[in-house]
2 protein chains.
Amino acid sequence: MAKSSKSYQSALHEKDGINPPESFSSSSANSIKSHRRKQPSAEDLVKGIISGNVTALSRAITLVESTNPKHLKKANAIITACLAYANKSIRIGITGVPGVGKSTFIEAFGLHLTHLKKKVAVLAVDPSSTLSQGSILGDKTRMEDLVKDTNAFIRPSPSGDSLGGVARKTRETIILCEAAGYDTILIETVGVGQSETAVHSMVDFFLLLKLAGAGDELQGIKRGIIEMADAIIINKADGDNIKAAKSAKLEFNRALHLYPEKASGWTPKTALCSALKQEGISEIWDMITEYVNHTKANLYFETHRTEQNKFWLLQTIEDRLKSNFYNREIIKTELQSQIDLIEAGKTTPFAAAEYLLSL
Amino acid sequence: MAKSSKSYQSALHEKDGINPPESFSSSSANSIKSHRRKQPSAEDLVKGIISGNVTALSRAITLVESTNPKHLKKANAIITACLAYANKSIRIGITGVPGVGKSTFIEAFGLHLTHLKKKVAVLAVDPSSTLSQGSILGDKTRMEDLVKDTNAFIRPSPSGDSLGGVARKTRETIILCEAAGYDTILIETVGVGQSETAVHSMVDFFLLLKLAGAGDELQGIKRGIIEMADAIIINKADGDNIKAAKSAKLEFNRALHLYPEKASGWTPKTALCSALKQEGISEIWDMITEYVNHTKANLYFETHRTEQNKFWLLQTIEDRLKSNFYNREIIKTELQSQIDLIEAGKTTPFAAAEYLLSL
């Protein structure tokens, strides 16, 4: 029905005074018009973002996060236009296992920054959030005061089926937030899986939250997290816990000194804090400021961002080369046949690879 | 001169009773014939390998290691023919930092095995050996007795410009050695870089050699080496060193127990040995025999080899996809231009990747 009524409206038909059919009522027309009003152009969104309009920023991020191919071109146009206004923030990665108090810390740290007249954007990388529905930032009730702060912008982790996809969307969102005037970007990740490595490769400063006596030092060393940290903060250092926290600080300090000097020339530091009691928060910001001054002076800050861009360029290329190859119909079929031949001892992995690559 | 004399021999010229020129003497002809005799066919080499002929095995390995494209086809034919006779050995990886006594250990362990009527092949993966000229196995004088043992076959690390290339050649050499009847393959790697991961992915049992009091436990944990080990052997446990070795054994045992259970169902073990005094060597072989019985009973042994083959298949494909892409002339040029544009803030890594992939 819709199709036949539409055909009357075709530009290829002569309009000779025929009234529009009932199905194309003025209310439908208004609904369409109003829908179109809801879809501002890329130029409008860019203007809005640059003037600091939060609605424009949110809409642009929604386009970046969209899986609709139609939105991709528009999103890319917006990002490219925003690039000239981006790159001027401090990007801070925050990680720690569930229960370490990340939300409380981000709330206390974020409020400290907005009191210093900073504009703070809080993003997250958590590829598991689609499945678990448990994204920490999704639960905004945990950051009641920061949510209400007009100088803070909080956006939960984008959903996605791969860490690569989630990380890409977050990186592009950083650009949009920077163009919107946010000068401090906090990127939270839950301390499991490979997401720390992804976040580490998009931030200037990487902060690891720890608890005293959690006994997961070995985990941190094993998974390379301690090696990535620019600071280890022992949270919940309050009340009866202070003594244990102080001894944990010493231990982590020792662990940090076992690693070779960082390319940044920065010696990773440890500190105590109680996010709940808002103690030790300003010292952490002072430490980060010291880091930024240090690495801007020795030019590492810029070099590091350039290296990160190259990393993402090569990473994206290599991910796409692989998915382009493995998604080919003939490869889907032949890959299994070759694996069967290998298992039967009739070919080697190398000969099988040559064959598949020749298809 | 050689060229003009050769022209008389061209098949395009009529031979009308002209005597061959002096330069094509019967001695030259014999030399060419004998040279041709030196290049046996793929079939001959396969026959030789299967009958346990060491000269045929060495020649086939030389073909596998050759970078001459003409040799590739012949090498592949030999490997494919050998596959049916391969896969019947125990493959043991041996790693440890320089100075831990790998050569002495391999000599003592290898001789123990040949005394048990085993046929032992000793291979190595050391991509740095081309540069450093310092491959441990290259220095055969360190294994004087094993070299003379007719039941042992020692082959130094193939040279190569990439770990992937070196590892591939070693994996193919394993097949040839197995077809030649070697039932125990020892693959040594020097404890630096990524070569341990490569060796781990081609062996059934991975053995880490350590010294007491070397203080590099953290290094082993950081680099994931301890996680890969099926056994940690404290070498040089003799004389005044015994007490320290025993305490190191306890420490490593504790470290091993912090890791989750292995897919093999095997609990990694620690042991003491003195390769120099040939003490503790038979216990290590007993341990490996226990491992093999355990993993053959729970079917992990076969599953693991299948997984390793899949790993090498995918690894080879992905290495080749990357080199095919980055070696294209247009990519070599445009990649740098895109990096420049990224640095100038005129494009994003993701947009640049899309552009390069579209070329």
Proximal component of Arg171(B), with respect to chain A [non-hydrogen, under 4.5 Å]: side chain
Heavy-atom contact with chain A under 4.5 Å, split by part of Tyr326(B): side chain
Heavy-atom contact with chain B under 4.5 Å, split by part of Lys322(A):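 When you check distances to chain B, atoms from both the backbone and side chain of Lys322(A) fall under 4.5 Å.
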Thr348(A), part contacting chain B, at a heavy-atom distance under 4.5 Å: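 For Thr348(A), the contact with chain B is made by backbone and side chain together.
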Inter-chain contacts: residues 70-83 of chain B against chain A, heavy atoms under 4.5 Å: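 Listed by number, the contacting residues are Ile79(B), Thr80(B), Leu83(B).
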Neighbours of chain A found in residues 349-359 of chain B - heavy atoms under 4.5 Å: Pro349(B), Phe350(B), Ala352(B), Ala353(B), Glu354(B), Leu356(B), Leu357(B)
Residue selection (most heavy-atom pairs with chain A, distance under 4.5 Å) from Thr316(B), Ile175(B), Ile342(B), Ile317(B):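 Of the options given, most contacts go to Ile317(B).
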Leu335(A) CG to Leu314(B) CG distance, which is reported to the nearest 0.5 Å: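 If I round to the nearest 0.5 Å, the distance is 6.5 Å.
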Side-chain touch Asn309(A)/Glu343(B), heavy atoms, less than 4.5 angstrom: no
